[in-house]
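One structure below.
Quick note: numbers below take in every heavy atom, side chains included, and nothing from hydrogens, waters or symmetry partners. The model shown is predicted, which means the values in this text are computed figures rather than measured ones. Numbering of ligands and ligand atoms starts at 1, following listing order.
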Amino acid sequence: TNVAMYWGQGSDQKPLRYFCDEESIDIIPIGFVNVFPDQKGANGYPGTNFGNACGGSYYKSPDGKETRLLESCPLIGRDIKYCQAQGKKILLSLGGGSPDVYLASDSSAKDMADFIWAAFGPAKEDWEGPRPFGDAGVDGFDFDIESEADKIVGPVDFGYATMVDRLRHLYDQEEATYYISASPQCIIPDSHLSDAISKSIFDFIFVQFYNTPSCSARAGIDHSYGAYGGPATDISYDSWVDHVKTNSANKEAKIYMGLAAAAPATFGEMYLSPEEAVQLVEKFQSKWPTMFGGVMLWEATFSENNQYKGMSYGKHIKKGLES
Ligand SMILES: CNC(=O)NC(=N)Nc1ccccc1
């Protein structure tokens, strides 16, 4: 079973390469591009935050203004190459919990796709702009859009389908394979991503079965959890299978079961013990063998700090699913 584990936002986190020594991890979305070019103060570039992994200096835009794009994250570039040499896929995650990331127009959606491809994708001779990770190129992009942008640009979050389509256009010109993932909440439809999922091609859907009690993994074990006196609750995995089969542009998108890697990685009772998690994963993996992609874990440092019988949470999940 594939394990996708986010890295980049852990407090006092270990470098990315530490997690690439763990054979139990297959995909690492790194977070986040937490500022979009249309936001005030961005000065034309997307902005980034990778916790303790970067220095404090930012790129200047062509007209000399300071942007929010970090310019010195040397270990990330080095470690992306190290991770890829171990066969891991590294995705750059857009959004995260940051407020008000939004795209103001179709053209800025296309421009942002072009920029992040040139800046973070495969290195190209003719690109003179920023390369925050040097000549290391990510294997794709993750859309973790959690902000309340819809009040700004209309009923649904505008532009993400356009941005994904533009990335696909750029991917089509490459020999190598590149990926696009989404990380919606477990409520269906996801207010920020369901429009894009219905119109454009995602390879992986990392559903966050935490942070929302009524459709959480915990509700999959305790059907009163998050009910607040209403009807019985359940993890919404089956509904996501139906949603992808009926409403998405890619009927073969792999649906991952997203879990919190430690109690403090979410709130309430939504953290599952390794035993509970393995039991629930096996249930849905056998129920939906072709749609089930694997497990997504939020987040590497929470997993690392959640040691149990000498192993990290992530390692327990991987081992539990192998036996
Ligand atoms: C894959 N993305 C996430 O898991 N984001 C996430 N956990 N955001 C968050 C929401 C509330 C409190 C802290 C983090």
Problem - atom 12 (C) of ligand 1 protein-contacted, heavy-atom criterion under 4.0 angstrom - result: no
Exercise for the section: Would you check if the distance from the ring center of Tyr45 to the ring center of Phe115 is below 6.0 Å? Expected result: yes
Handout entry: Nearest-contact summary for atom 2 (N) of ligand 1 - protein heavy atom, Å
Key = Asp144 OD2, 2.7 Å
Exercise for the section: Report the nearest protein non-hydrogen atom to atom 8 (N) of ligand 1: residue, atom name, distance rounded to 0.1 Å. Expected result: Glu146 OE1, 3.3 Å
Handout entry: Per-atom contacts of ligand 1 with Asn211, taking only distances under 4.0 Å to non-hydrogen atoms
Key = 6 (C), 7 (N), 9 (C), 10 (C)
Handout entry: Proximity of Trp298 and Phe206 rings by center, below 6.0 Å
Key = no
Practice task
Quick one: do Asp142 and Tyr6 satisfy side chain to side chain donor-acceptor pair (under 3.5 Å)? Show the steps, please.
Solution key: CA-CA 10 Å; Asp142 172 59; Tyr6 280 80; 2.6 Å; yes
Practice task
Using a strict cut-off of less than 4.0 Å between a Lys/Arg side-chain nitrogen and an Asp/Glu carboxylate oxygen, indicate whether Arg218 and Glu276 qualify as a salt bridge.
Solution key: yes
Problem - Within-cut-off N or O pair, Tyr6 and ligand 1, under 3.5 Å - result: no
Handout entry: Numbered atoms and elements of ligand 1 in range of Tyr210, under 4.0 angstrom, heavy atoms
Key = 1 (C), 3 (C), 4 (O), 7 (N)
Practice task
Answer yes or no for atom 6 (C) of ligand 1: protein heavy atom present at a distance under 4.0 Å?
Solution key: yes
Problem - Asp203/Arg168 salt bridge by N-O under 4.0 Å criterion - result: yes
Practice task
Heavy-atom contacts with Ser183 under 4.0 Å: which atoms of ligand 1 show up? List them by number with element.
Solution key: 1 (C)
Practice task
May I ask you to say whether Asp114 pairs ionically with Lys110, meaning some side-chain N is under 4.0 Å from a carboxylate O?
Solution key: no
